[in-house]
Protein chains: 2
Amino acid sequence: MTDDLPATRPGRWRSGAQSRQRVLDAARTLFAARGYSGTTVRAVAANAGVDPAMVYYFFGTKQGLFSAALEMSPQVAPALHAVFAGSLDSMGVRIIRTLLEAMDASDHVPLAILTRTAPHHDESEVLLREFIDRELTDRLMAMLDAPDAAMRVGTVNAFILGVAVARYVVRMEPVASASVDELVARIGPTLQQCLTGPTA
Amino acid sequence: MTDDLPATRPGRWRSGAQSRQRVLDAARTLFAARGYSGTTVRAVAANAGVDPAMVYYFFGTKQGLFSAALEMSPQVAPALHAVFAGSLDSMGVRIIRTLLEAMDASDHVPLAILTRTAPHHDESEVLLREFIDRELTDRLMAMLDAPDAAMRVGTVNAFILGVAVARYVVRMEPVASASVDELVARIGPTLQQCLTGPTA
DNA sequence: GTCTATAATTAGATAGAC
DNA sequence: GTCTATCTAATTATAGAC
């Protein structure tokens, strides 16, 4: 939150990129904590230790800052690829494990921002839906060959969305503090049942 | 949203209570749609067809209006009582059916406001957690006699939270448009498994 | 109860000096 | 790149007339 960035060979990046990164970090933290309209550009600037005008210099508008804060880190794609590489009958545990590990790593906060701001910010609501559809729903549907595939995937989506909200947004115990392993052991099989289990 | 209230025997309520109710309705709609900081008192007043000053006359502050909008309707308590009246092994379907029917009825919007504003408004975050704990977690824990009761109830909480968010907040298909019966048939048994099923 | 007028504050955004 | 100064608009909230 304050100043603790490595020197990174002084003069190499001329020094501007560091401020930009600090603003981005502060923005991610605040958007995730207070939502879009609850976050002020001034507060972001203060937390980043720079002048409010710099934020506009870098990102143009508050909306531009928000969009930049939502950029996914490059590790997400490979992780998701691994999920769908394995067999269908162990899909449940891989989905929940990948989700939890991705969101526990703090450099993947964009997903946290989405689940936090989606409720009241139109753009993030669309983005969240699109992200889930593109990365999860579509690929899952392609693997399932059942007439009720849509509903099966829908319940899986709802469940993992709930886990994400409970753990990272509302922080409801014991889900908020449980270890990844324990949650995977609990939730993985349940997801699997939604996906490939018998129709009740 | 505009003026379509019955006369209700003119002069009976002196006419003030009607404005108050319209403000409350408009507030519920807007808080649910745009969150706390995204909703302005002026917008609420405009949607209610009254002057902004009236809102302050009735509710003092914006926060007061918010609290008033969160008052649960009196039908909630009996509905929840019925959930816990039945046997433990059909608890899953009763929980999800009660939740869906309560939230589909538009006069129970407070719950929708909570799930929508909790992410970024501190008070609603606490209120949502307390509501779920008091009305669900505590009573469920009392009925379960297992060492892992907390985790079982925790996953149930996460699941129904996810269903609520998917159906009423992010409106993710097919959960958003599915019938109550279909969702109950899908999700009820899964909840039941979380609650009383074998440990995976 | 209802409205006008307005105070006090705060937000997003810009121009321009250094 | 960075900051000072500032403009404009919107917001919460109040005092007081009718």
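Since the structure is predicted, the reported quantities are computational estimates derived from the model, not experimental observations. Numbered from 1 within each chain, the chains take letters A, B, ... in sequence-line order.
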Quiz item: side chain to side chain contact (heavy atoms under 4.5 Å, CB included) with B/Arg171: which residues, sequence neighbours excluded?
Solution: A/Arg129, B/Ala176
Practice problem: Provide, to the nearest angstrom, the distance between the CZ atom belonging to A/Arg20 and the P atom belonging to D/dT2. | Solution: 12 Å
Practice problem: Using salt bridge (charged side-chain N to carboxylate O under 4.0 Å, His left out) as the criterion, list what pairs up with A/Glu135, not counting sequence neighbours. | Solution: A/Arg139
Quiz prompt | Whole angstrom value for the distance that separates C1' of D/dT12 from CE of B/Met54 | solution = 17 Å
Quiz item: Under the salt bridge (charged side-chain N to carboxylate O under 4.0 Å, His left out) test, which residues partner A/Asp181, sequence neighbours left out?
Solution: A/Arg97
Self-check item: Euclidean distance, atom CZ of residue B/Phe58 to atom C1' of C/dG1 [Å, nearest integer]
Solution: 7 Å
Self-check item: Donor-acceptor pair between A/Asp104 and A/Tyr168 side chains, under 3.5 angstrom
Solution: yes
Quiz item: In whole Å, what is the span from the CG atom of B/Leu65 to the C1' atom of D/dT11?
Solution: 14 Å
Self-check item: Qualifying residues under ring pair (Phe, Tyr, Trp, His ring centres under 6.0 Å), relative to A/Phe66, sequence neighbours excluded
Solution: A/Phe31, A/Tyr36, A/His121
Exercise. Spell out protein contact along nucleotides 11-18 of chain C as letters: B when the base is contacted, S when just the sugar-phosphate is, - when no protein heavy atom is under 4.0 Å; keep the 5' to 3' order.
Key: BBBB----
Quiz prompt | Partners meeting salt bridge (charged side-chain N to carboxylate O under 4.0 Å, His left out) with A/Asp148 (sequence neighbours left out) | solution = A/Arg152, B/Arg186
